[in-house]
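What follows is one structure encoded as structure tokens, with my remarks underneath.
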Amino acid sequence: MTTTLWHNARLATLDPSHGADGWGLVEDGALLTVGDRITWVGPNRGLPAHARPAHGVDLGGLLVTPGLVDCHTHLVYGGHRAAEAEMRLNGASYEAIARAGGGIRSTVAATRAASEDQLFASAARRLRALMAEGVTTLEIKSGYGLSLEAEARCLRVARQLGSDRRVDVRTTFLGAHALPPEFEGRPDDYITAVCEWLPALHAQGLVDAVDAFCENIGFTPAQTRRVFEAARALGLPVKLHAEQLSDQGGAALAASYGALSCDHLEHLSSEGIAAMRAAGTVAVLLPGAFYMLREIKLPPIAALREAGVPMAVSTDHNPGTSPGLSLLLAAHMACSFFRLTPLEAVRGITVQAARALGLHDRGLLAAGQRADFVAWDLDHPNELTYWFGHNPCRRVVVAGLERP
């Protein structure tokens, strides 16, 4: 395995052992990597005497942070819904748009009609935008196929995106996203189908986690529990779209299954917060959807902070309610709309986002961590949540290899 010294950088390790302020700044810092792992982090002058790097890379004084993690995306789908966005801005209600053939079902129709190659090509363009801003790991959910064949096709595309490009992709089965037209009026039958599909998809190696949309316009807690039981039987971790539009008690339900994350959470209750804290479940904040839907009810940030519930931030990229392709903008909006501190937001797109995917080997610059890091043309990491409409990313290293 190749040993490389990455030097002449200002490191924002996010490791508390490098400073009490949380940023873990190391001036004139260096990273030693062996293969895909970091083996040493510190000031360049402190390099262990026994270290014999085969290669050295001068980072030119750039600021280096852990690689960014986008922990909630719906990146694979057919078509787009710009026309619906225009209708909404012109005063059309969600119901009127749905009656006109819009909403999730319009994306389902476009996704089902698209070939695997077409889905890959469109998702790859979107992925390139995220990667250009330093994303090294991301989650991709299914949920726009809503049939066994179409869900499998979307998950295969997600897997292919991860294998063909220098980025780590985690897949989540979101069959319980919406009710497809062929199951109109039969949501329990559809949940039965979803639970029957899951073992086949898992056997094909397509599923890393299982999600559901527990909401008054989605699926009930009882239906969600059935999906979670099917996931548990296969040893798969769960997560949940919870408390976005109303309090369905979904967060507490998900926490009872040891959920990796609960996402959205604008209507999260104190009981839900307590359950998430006890389970170690990460709260994933999605300011892009909050912005696009022009919501006014904020997630209970102060209560989450007081309870010590970890908070991640993600793009929630999807064609209907969050078509953004900038994780840095999502972090900026998390500070501006939700009043996260810059440190909370940066941790939210690195270490906490990794935890929301069940990953504990990335998100920090520390010995033993995966060698995923980004070099930025910035003076301080708080600038990652300050600038917007500007990409300061200059170099990206994934698993010890620089991305071309």
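What you see below is based on every heavy atom in this structure, not just the backbone, and it leaves out hydrogens, waters and symmetry mates. As the structure is a computational prediction, the values presented were derived from the model and not from experiment.
Between the side chain of Asp15 and the backbone N or O of His18 there is no donor-acceptor pair closer than 3.5 Å. Proximity of a side-chain donor or acceptor of Arg347 to a complementary backbone N or O of Trp23 within less than 3.5 Å is not detected. A side-chain donor-acceptor contact under 3.5 Å links Glu84 to the backbone of Gly103. Under a 3.5 Å cut-off, the side chain of Gln223 and the backbone N or O of Thr220 do form a donor-acceptor pair. No donor-acceptor pair under 3.5 Å is formed between the side chain of Glu184 and the backbone N or O of Pro181. Panel note: side chain Glu266, backbone Leu298; no donor-acceptor pair is recorded below 3.5 Å. Judged by distance alone, the side chain of His177 and the main-chain N or O of Gly143 form a donor-acceptor pair under 3.5 Å. Judged by distance alone, the side chain of Arg10 and the main-chain N or O of Asp379 form a donor-acceptor pair under 3.5 Å. At distances below 3.5 Å, at least one donor-acceptor pair connects side-chain atoms of Thr171 with backbone N or O atoms of Leu206. No donor-acceptor distance shorter than 3.5 angstrom exists from the side chain of Glu139 to the backbone of Asp70, with no hydrogens or angles considered.
The local environment of OH in Tyr291 is sparse, with at most 12 non-hydrogen atoms from other residues, nucleotides or ligands closer than 6.0 Å. Within 6.0 Å of CZ on Phe337 lie more than 12 heavy atoms contributed by other residues, nucleotides or ligands. Around the NE2 atom of His80, the shell of radius 6.0 Å holds no more than 12 heavy atoms that belong to other residues, nucleotides or ligands. More than 12 heavy atoms of other shown residues, nucleotides or ligands fall within 6.0 angstrom of atom CD in Glu116. Within a 6.0 Å radius of CD1 in Ile296, other residues, nucleotides and ligands contribute 12 heavy atoms or fewer.
Atoms NZ and CG, on Lys141 and Leu138 in that order, are 11.0 Å from each other to the nearest 0.5 Å. A distance of 13.0 Å separates CD in Gln244 from CG in Leu268, rounded to the nearest 0.5 Å. Note that the CD atom of Gln352 and the CG atom of Leu14 stand 9.5 Å from one another [nearest 0.5 Å]. Annotation: the span from Leu148 atom CG to Leu201 atom CG amounts to 5.5 Å, rounded to 0.5 Å. A distance of 14.5 Å separates CE of Met292 from CG of Leu286, quoted to the nearest 0.5 Å. Distance check: Ser326 OG to Glu133 CD gives 3.5 Å after rounding to the nearest 0.5 Å.
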- Message: side chain to side chain contact (heavy atoms under 4.5 Å, CB included) for Thr65 and Leu365? Distances and angles first, verdict last.
- Response: CA-CA 7 Å; Thr65 71; Leu365 299 180; 5.6 Å; no

- Message: With side chain to side chain contact (heavy atoms under 4.5 Å, CB included) as the criterion, how do Leu328 and Phe388 come out once you've worked through the C-alpha distance, each side chain's angles and the decisive distance to 0.1 Å?
- Response: CA-CA 7 Å; Leu328 294 181; Phe388 58 96; over 6 Å; no

- Using the side-chain hydrogen bond (donor to acceptor under 3.5 Å, both in side chains) rule, take Arg81 and Thr107 through it: C-alpha gap first, then chi angles, then the decisive distance, then the call. CA-CA 8 Å; Arg81 280 153 55 192; Thr107 299; 3.1 Å; yes

- Task: Could you give me the CA-CA distance, side-chain angles and deciding distance for Leu285 and Ile301, then say whether side chain to side chain contact (heavy atoms under 4.5 Å, CB included) is met?
- Result: CA-CA 9 Å; Leu285 307 174; Ile301 301 300; 3.6 Å; yes

- Query: What's the verdict on side chain to side chain contact (heavy atoms under 4.5 Å, CB included) for Asp316 and His74, showing C-alpha distance, side-chain angles and the deciding distance?
  - Reply: CA-CA 7 Å; Asp316 186 23; His74 305 253; 3.3 Å; yes

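Using a 4.5 Å heavy-atom cutoff, the side chains of Tyr144 and Asn318 are in contact. Between Thr136 and Arg370 the shortest side-chain heavy-atom distance does not fall below 4.5 Å. Using a 4.5 Å heavy-atom cutoff, the side chains of Pro381 and Pro342 are not in contact. Counting heavy atoms from C-beta on, the side chains of Leu5 and Asn44 come closer than 4.5 Å. Side-chain contact between Leu343 and Asn382: absent, with no pair of heavy atoms (C-beta onward) separated by less than 4.5 Å. Inter-residue side-chain proximity for Val167 and Leu130 is flagged as unmet; no heavy-atom pair is nearer than 4.5 Å. For the pair Val57 and His7, the minimum side-chain heavy-atom distance is 4.5 Å or more. At a threshold of 4.5 Å between non-hydrogen side-chain atoms, the residues Thr172 and Leu236 do not count as touching.
Side-chain contact of Asp117 with Ser115: a donor-acceptor pair under 3.5 Å is absent, judged by distance alone. Side-chain atoms of Glu215 and Ser246 form a donor-acceptor pair, as typed in the model, at a separation below 3.5 Å. A donor and an acceptor atom, one from each side chain of Arg52 and Thr3, are nowhere located under 3.5 Å apart.
Nearest heavy-atom pair across Thr385 and Cys335 is CB-SG, 3.8 Å. Scanning all heavy atoms of the two residues, the minimum distance from Leu357 to Cys71 falls at CD2-O, 3.7 Å. Between Cys154 and Leu119, the closest heavy-atom pair is SG-CD1, 4.3 Å. Nearest heavy atom pair, residue Ala123 against residue Leu161, reads CB-CD1, 3.7 Å. Summarising the geometry of Val227 relative to Val194, their closest heavy-atom pair is CG2-CG1, 4.4 Å, with the distance given to 0.1 Å. In terms of heavy-atom proximity, Gly67 sits nearest to Thr350 at O-CG2, 3.8 Å.
A salt bridge links Glu182 and Arg112; the closest N-O separation between the charged side-chain nitrogens and carboxylate oxygens is under 4.0 Å. At a threshold of 4.0 Å, the pair Arg153-Glu149 counts as salt-bridged, since one of the basic side-chain nitrogens sits closer than that to a carboxylate oxygen.
In this structure, Phe219 and Tyr190 have parallel ring planes: the angle between them is below the 30° cut-off, well short of the 60° mark. Note on ring orientation: taking the six-membered ring where Trp is involved, the planes of His317 and Tyr77 are parallel (angle under 30°, cut-offs 30° and 60°).
Within the structure, every pair that satisfies the side chain to side chain donor-acceptor pair (under 3.5 Å) test and touches residues 356-366, not counting sequence neighbours, is listed here: Arg37-Asp361, Thr137-Arg362, Asp168-Arg362, Arg355-His360. Residue pairs meeting the side chain to side chain donor-acceptor pair (under 3.5 Å) criterion with at least one partner in residues 251-263, sequence neighbours excluded, are His72-Asp263, Arg225-Tyr257, Glu229-Tyr257, Ser261-Asp263.
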May I have the list of side-chain donor-acceptor pairs in residues 394-404 shorter than 3.5 Å, sequence neighbours left out?
| from | atom 1 | to | atom 2 | distance (Å) |
| --- | --- | --- | --- | --- |
| Arg394 | NH1 | Asn391 | O | 3.2 |
| Arg394 | NH1 | Pro392 | O | 3.4 |
| Arg395 | NE | Glu402 | OE2 | 2.7 |
| Arg395 | NH1 | Asp58 | O | 3.2 |
| Arg395 | NH2 | Glu402 | OE1 | 3.1 |
| Arg403 | NH1 | Val135 | O | 3.1 |
| Arg403 | NH1 | Arg166 | O | 2.9 |
| Arg403 | NH2 | Met131 | O | 2.7 |
| Arg403 | NH2 | Val135 | O | 3.3 |

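Of the options Val282, Leu265, Thr281, Leu304, a side chain to side chain contact (heavy atoms under 4.5 Å, CB included) to Val309 is made by Leu304 and by none of the others.
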